[in-house]
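Below you'll find the structure, written out as structure tokens, and then a few comments.
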Amino acid sequence: MPAEPISANKYGSALRRLALSVLQPGFVGTEAPDWILRDIGDGLASVVLFSRNISSPDQVARLTAQLRAENPALIVAIDEEAGDVTRIESATGSTRPGNFALGAVDDPELTEAVAADLGRQLLAAGVTLDFAPSADVNSNPDNPVIGVRSFGADADLVSRHTAAWIRGLQSAGVAACAKHFPGHGDVAADSHHELPTYDADRTGITAQSLPPFRAAMEAGVRAIMSGHLLVPAHDADLPATLSRAVLQGLLREELGFDGLIVSDAIEMGAVTGRHGIDGATVRAVAAGVDAVCVGGESAEESTVDGLATALVEAVVRGDLAEERLAEAADRVREFAEWSAALRAAVPAREAPRDIGHVAARRAVRLTGTARDTLPLAAPPHVVELVAATNMAIGKETPWGVAAPLQERLPGTTSARVHGDELRERAGVLDSRALAPAAGRPLVVVVRDASRHVWMSRAVAALVAARPDTVVVEMGLPSDALTGATQIVTHGASAASGVAAAELLTGGPRSADGFHRCVS
């Protein structure tokens with residue numbers, strides 16, 4: 001039964017309890033702060049974990065047990081995509097490849113197995129909701145925020161792997177959340193900082209972006225995350241997270257979704273730039289969001305207190321219908337009960353095999369003069385060209401090929417070169433790359449080189465000076481480096497780095513298999 005609407009003259013603890021129940025805050029620390037425990041007692045129904053909350057498997061399990069002691073049905077969420085976007089393994093890099101690598105293999109059974117493996121780890125950690133998978137079709141190669149987080153650029157491929165990922169994760173007892181509705185793949189701006197626009201017409205959106213969300217629903221997903229993007233074909237004024245036309249009209253009525261609608265982080269610039277965090281939160285709930293994610297950047301007691309107050313005051317003013325807030329709170333409660341039952345139905349157990357590295361090896365592609373170049377005959381010099389990443393990717397998360405190569409080939413040396421260094425100082429490539437590689441193999445590692453002019457030019461210069469250079473692309477592949485030996489990993493997870501290092505050194509491949517394209 002829906003909660004009975006609360007009249008304005010009763011506003012106080014009961015209404016505040018409803019307001020707290022629709023917030024999903026993060027917090028700082030590897031132990032729960034007093035204010036989070038107090039808010040859970042006062043009605044907070046969800047929390048979100050980030051890398052700052054995680055130091056070890058045992059620690060995070062203790063943390064979630066501490067949180068759940070205040071409310072056994074508490075939703076404990078995490079933004080864990082595997083691959084480049086990892087929280088549970090942020091200190092070491094993910095032992096599983098991300099979506100783009102899985103899409104490159106295009107084996108839905110493998111995708112399901114990788115997601116189930118991740119689900120077992122999250123279940124053991126006490127997580128009940130994972131903000132994954134990304135169901136976005138990355139049809140714009142210049143997209144600065146999705147890229148390898150997507151399964152690919154084809155709607156059918158993304159649909160079948162979105163469904164497989166959800167089946168796998170939920171088979172392990174952890175609820176999935178398809179994102180970023182109605183599709184964040186065909187934009188050219190990063191919603192962390194500004195409002196992207198998806199300019200397709202309704203027919204194009206239906207054909208290109210909606211199929212993966214339909215597939216997610218058919219696979220049993222009970223949570224969908226809204227995207228902070230303007231979709232003029234459905235609402236010319238408000239981004240999807242704040243748009244009743246998108247959330248109620250398109251997602252609820254046209255697609256028939258009756259589960260939990262979660263917002264992307266409400267502090268992101270795409271929605272706060274115009275409405276502020278309080279205004280964006282109230283508008284999101286009014287539009288149809290049931291759970292407001294907050295705390296990636298604003299993990300403070302005062303922020304959560306302010307948002308709860310903003311929701312209460314909006315009800316009192318009449319800007320937010322009492323019935324809408326009560327409906328959202330009911331959906332949160334129903335989802336909490338469903339996800340708790342899902343979790344209880346699956347016993348915690350270890351994965352039977354190293355499926356993440358198996359998948360990463362299968363995703364590797366090799367082109368160019370491979371027979372003359374690999375395996376490496378001596379310890380190489382590795383140059384990793386580094387560009388700034390979007391905020392979804394943790395700055396602390398290691399990536400690259402130098403470290404696993406150093407383990408396999410002692411004597412390997414390395415240097416990291418940033419774009420600013422090349423722009424500000426002459427001779428950097430000579431001193432940091434070519435000179436140390438004299439008489440030795442040269443390996444150049446990049447991430448989305450086609451999206452960064454400086455990086456593409458640097459690679460071209462190095463290949464021109466050293467035609468035997470091996471280029472490892474750990475982002476979206478490019479055809480720009482014809483003639484060079486190129487290893488494409490389709491992602492920068494730790495597992496992908498290991499797979500590339502194995503290929504460079506002639507390491508394990510027969511049992512697990514590289515799918516190699518040698519030309």
Side-chain angles (χ1 to χ4, degrees), residues 79 81-85 97-104 106 111 131-166 176-217 219 221 224-235 239-241 243 246-247 250-251 255 262-265 268 270-271 389-393 447-448 450-451 475-478 490-492:
D79 189 17
E81 299 177 15
D84 290 33
V85 179
N99 285 1
F100 194 60
L102 295 171
D106 196 12
T111 295
F131 293 146
S134 168
D136 306 298
V137 180
N138 196 61
S139 50
N140 185 346
D142 292 326
N143 191 320
V145 69
I146 302 300
V148 297
R149 300 168 66 193
S150 167
F151 290 109
D154 177 77
D156 289 341
L157 179 144
V158 174
S159 295
R160 60 179 171 267
H161 287 277
T162 294
W165 212 97
I166 289 165
C177 178
K179 63 186 184 185
H180 306 81
F181 188 83
H184 211 306
D186 192 13
V187 300
D190 185 345
S191 52
H192 291 92
H193 307 292
E194 57 186 309
L195 179 61
T197 299
Y198 179 20
D199 281 324
D201 60 19
R202 292 196 179 204
T203 300
I205 293 169
T206 298
Q208 178 191 53
S209 293
L210 298 186
F213 291 98
R214 294 184 187 274
M217 292 164 57
V221 81
I224 288 179
M225 178 179 284
S226 64
H228 299 332
L229 66 159
L230 192 68
V231 189
H234 288 276
D235 190 326
T241 297
S243 170
V246 172
L247 300 184
L250 180 58
L251 181 54
L255 269 63
V262 183
S263 78
D264 204 349
M268 289 166 62
V271 290
T389 58
N390 67 69
M391 290 178 65
I393 300 172
R447 201 173 183 179
D448 293 332
S450 62
R451 291 192 55 247
L476 296 179
S478 168
H490 299 96

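Under the 3.5 Å distance criterion, the side-chain polar atoms of Asn143 are matched with a main-chain donor or acceptor of Ile146. Between the Asp448 side chain and the Leu476 main chain, a donor and an acceptor come within less than 3.5 Å of each other. Formation of a donor-acceptor pair under 3.5 Å by the Arg149 side chain with backbone atoms of Val145 is found in this model.
Residues passing the ring pair (Phe, Tyr, Trp, His ring centres under 6.0 Å) test with Tyr198, sequence neighbours excluded: none. With sequence neighbours excluded, no residue forms a ring pair (Phe, Tyr, Trp, His ring centres under 6.0 Å) with His228. With sequence neighbours left out, the side-chain hydrogen bond (donor to acceptor under 3.5 Å, both in side chains) criterion links Ser263 to no other residue. Scanning for side chain to side chain contact (heavy atoms under 4.5 Å, CB included) contacts around Ala164 gives Pro108, Thr111, Glu112, Arg167, with sequence neighbours left out. Under the rule for a side chain to side chain contact (heavy atoms under 4.5 Å, CB included), the partners of Ala265 that lie at least two apart in sequence or sit in another chain are Glu267, Met268. Residues passing the side-chain hydrogen bond (donor to acceptor under 3.5 Å, both in side chains) test with Ser450: none are found, sequence neighbours excluded. Every residue two or more places apart in sequence or in another chain that forms a side-chain hydrogen bond (donor to acceptor under 3.5 Å, both in side chains) with Asp235 is listed here: Ser243. Looking at residues two or more places apart in sequence or on another chain, you find a side-chain hydrogen bond (donor to acceptor under 3.5 Å, both in side chains) between Arg160 and Asp106. Every residue two or more places apart in sequence or in another chain was checked for a ring pair (Phe, Tyr, Trp, His ring centres under 6.0 Å) with Phe131, and none qualifies. The side chain to side chain contact (heavy atoms under 4.5 Å, CB included) test applied to Ala492 returns Asp84, Trp399, Arg447, Met474, not counting sequence neighbours. With sequence neighbours excluded, the residues that form a salt bridge (Lys or Arg N to Asp or Glu O under 4.0 Å) with Asp79 are Arg87, Lys179. Residues that satisfy the side chain to side chain contact (heavy atoms under 4.5 Å, CB included) test with Pro239, not counting sequence neighbours, are Leu195, Leu242, Val271.
With His184 as reference, Pro196 is the one residue of Ser209, Ser226, Pro196 to meet the side chain to side chain contact (heavy atoms under 4.5 Å, CB included) rule. Just one of Val158, Asp186, Leu157 meets the side chain to side chain contact (heavy atoms under 4.5 Å, CB included) condition when paired with Val137; it is Val158.
Considering only heavy atoms from C-beta on, Phe181 comes within 4.5 Å of Leu250 through its side chain.
With hydrogens and angles left out, the side-chain atoms of Asp136 and Ser134 include a donor and acceptor closer than 3.5 Å.
Looking at every heavy atom in both residues, Trp165 comes nearest to Ala132 through CH2-CB, 3.6 Å.
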